[in-house]
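Accompanying notes for the structure given below.
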Amino acid sequence: GLAFVSGHSMEPALKDGELVVFYRLDPAYQPNDIVIVHREENVEYIKRVVAEPGDVVELSEDGALVINGETDENSISLGQTLPVQDGIAFPYTVPQGSYFVLGDNRENSRDSRMFGAVSQEEITGRVFFHFGMTR
């Protein structure tokens with residue numbers, strides 16, 4: 001499938017207006033995969049998987065993402081990863097069949113810190129290619 005990036009929550013990896021190509025048939029996702037999440041009527045989010053079923057997600061006081069007690073060094077994220085008001089409580093254990101997703105632009109993203117892990121059914125597909133172009 002094809003989708004356009006809308007907004008800035010995945011910068012620097014994906015820019016507003018970029019075209020992404022996604023693959024729908026992945027049976028499972030892994031940390032660092034960029035996925036398309038369909039949560040509400042006609043609203044899709046593009047996010048990065050940071051934790052899989054059974055993982056324990058914590059956020060350190062200095063804004064670091066901590067998975068199973070280890071600070072996540074992989075991320076190319078912007079800004080601090082901080083809890084959001086009225087969001088979920090940490091530490092958070094990712095339920096079976098679900099994934100914890102974050103926008104790379106951590107201070108400007110609606111993601112699992114707000115609504116918890118997303119179920120595999122809510123993931124439309126995995127982004128495998130993106131065009132560095134804007135409309």
Side-chain angles (χ1 to χ4, degrees):
L2 295 173
F4 281 104
V5 177
S6 175
H8 302 280
S9 77
M10 279 300 292
E11 290 178 352
L14 299 174
K15 306 276 188 294
D16 186 35
E18 262 192 304
L19 181 65
V20 296
V21 181
F22 62 91
Y23 181 67
R24 289 179 182 273
L25 298 174
D26 265 350
Y29 301 95
Q30 296 170 331
N32 266 332
D33 282 353
I34 296 177
V35 295
I36 296 190
V37 178
H38 187 89
R39 282 194 56 80
E40 299 145 32
E41 199 73 28
N42 302 323
V43 178
E44 292 191 319
Y45 299 100
I46 301 181
K47 301 294 168 195
R48 188 180 299 274
V49 173
V50 297
E52 20 187 16
D55 284 348
V56 177
V57 179
E58 296 180 79
L59 304 180
S60 72
E61 283 179 20
D62 59 356
L65 175 65
V66 179
I67 310 285
N68 299 327
E70 299 200 2
T71 302
D72 177 43
E73 307 287 1
N74 304 331
S75 72
I76 50 163
S77 58
L78 287 179
Q80 294 183 302
T81 309
L82 298 169
V84 294
Q85 195 172 358
D86 301 327
I88 62 169
F90 292 95
Y92 177 89
T93 302
V94 182
Q96 287 306 308
S98 299
Y99 296 89
F100 200 89
V101 298
L102 292 175
D104 285 351
N105 189 352
R106 297 284 163 80
E107 294 177 16
N108 182 16
S109 173
R110 287 175 60 86
D111 50 36
S112 287
R113 290 171 294 175
M114 190 173 290
F115 44 67
V118 295
S119 70
Q120 192 153 332
E121 290 73 50
E122 291 177 298
I123 297 177
T124 310
R126 179 172 61 89
V127 171
F128 65 90
F129 193 76
H130 61 95
F131 299 93
M133 62 184 240
T134 52
R135 284 178 284 191

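When reading the values below, keep in mind they use all heavy atoms of this one structure, side chains included, and skip hydrogens, waters and symmetry mates. This structure is a prediction, so every number in the text was calculated from the model and none was measured. Index from 1, following the sequence.
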Interatomic spacing from [atom1] in [X] to [atom2] in [Y] - rounded to 0.5 Å:
| X | Y | atom1 | atom2 | result |
| --- | --- | --- | --- | --- |
| L65 | L82 | CG | CG | 11.0 Å |
| E11 | R106 | CD | CZ | 14.0 Å |
| F115 | E122 | CZ | CD | 8.0 Å |
| Q85 | M114 | CD | CE | 10.0 Å |
| I46 | E18 | CD1 | CD | 9.0 Å |
| K15 | M10 | NZ | CE | 10.5 Å |

Side-chain contact test, heavy atoms from C-beta onward, threshold under 4.5 Å: evaluate it for [X] versus [Y] and give yes or no.
| X | Y | result |
| --- | --- | --- |
| R48 | L102 | no |
| K47 | S109 | yes |
| V20 | L14 | yes |
| R113 | L59 | yes |
| T93 | D55 | no |

Going hydrophobic residue to hydrophobic residue with side-chain gaps under 4.5 angstrom, can you get from V118 over to V84? yes
Original post:
Do F90 and V56 share a hydrophobic cluster, counting only Ile, Leu, Val, Met, Phe, Trp and Tyr and linking them when any side-chain heavy atoms are less than 4.5 Å apart?
Top reply: no
Minimum heavy-atom separation for [X] to [Y], with atom names?
| X | Y | value |
| --- | --- | --- |
| I36 | A3 | CD1-CB, 3.8 Å |
| G103 | D111 | N-OD2, 3.2 Å |
| T71 | A64 | CG2-CB, 4.0 Å |
| S112 | I88 | O-CD1, 3.3 Å |
| S98 | A117 | CB-CB, 3.7 Å |
| N68 | G54 | OD1-O, 4.4 Å |

- Query: Sub-3.5 Å donor-acceptor pair from the side chain of D16 to the main-chain atoms of G7, do we have one?
  - Reply: yes
### Query
Would you call the rings of Y29 and Y99 parallel, tilted or perpendicular, where under 30° means parallel and over 60° means perpendicular?
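Y29 and Y99: perpendicular rings.
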**Prompt:** What orientation do F100 and Y92 show, parallel under 30°, tilted 30 to 60°, or perpendicular over 60°?
**Reply:**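 Correct class here is tilted.
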Give the C-alpha distance, both sets of side-chain angles, the deciding distance and a yes or no for side chain to side chain contact (heavy atoms under 4.5 Å, CB included) between Q80 and E107.
CA-CA 6 Å; Q80 294 183 302; E107 294 177 16; 3.6 Å; yes
**Message:** Determine whether R110 and Y45 satisfy the following criterion, side chain to side chain donor-acceptor pair (under 3.5 Å), listing intermediate values before the conclusion.
**Reply:** CA-CA 8 Å; R110 287 175 60 86; Y45 299 100; 3.1 Å; yes
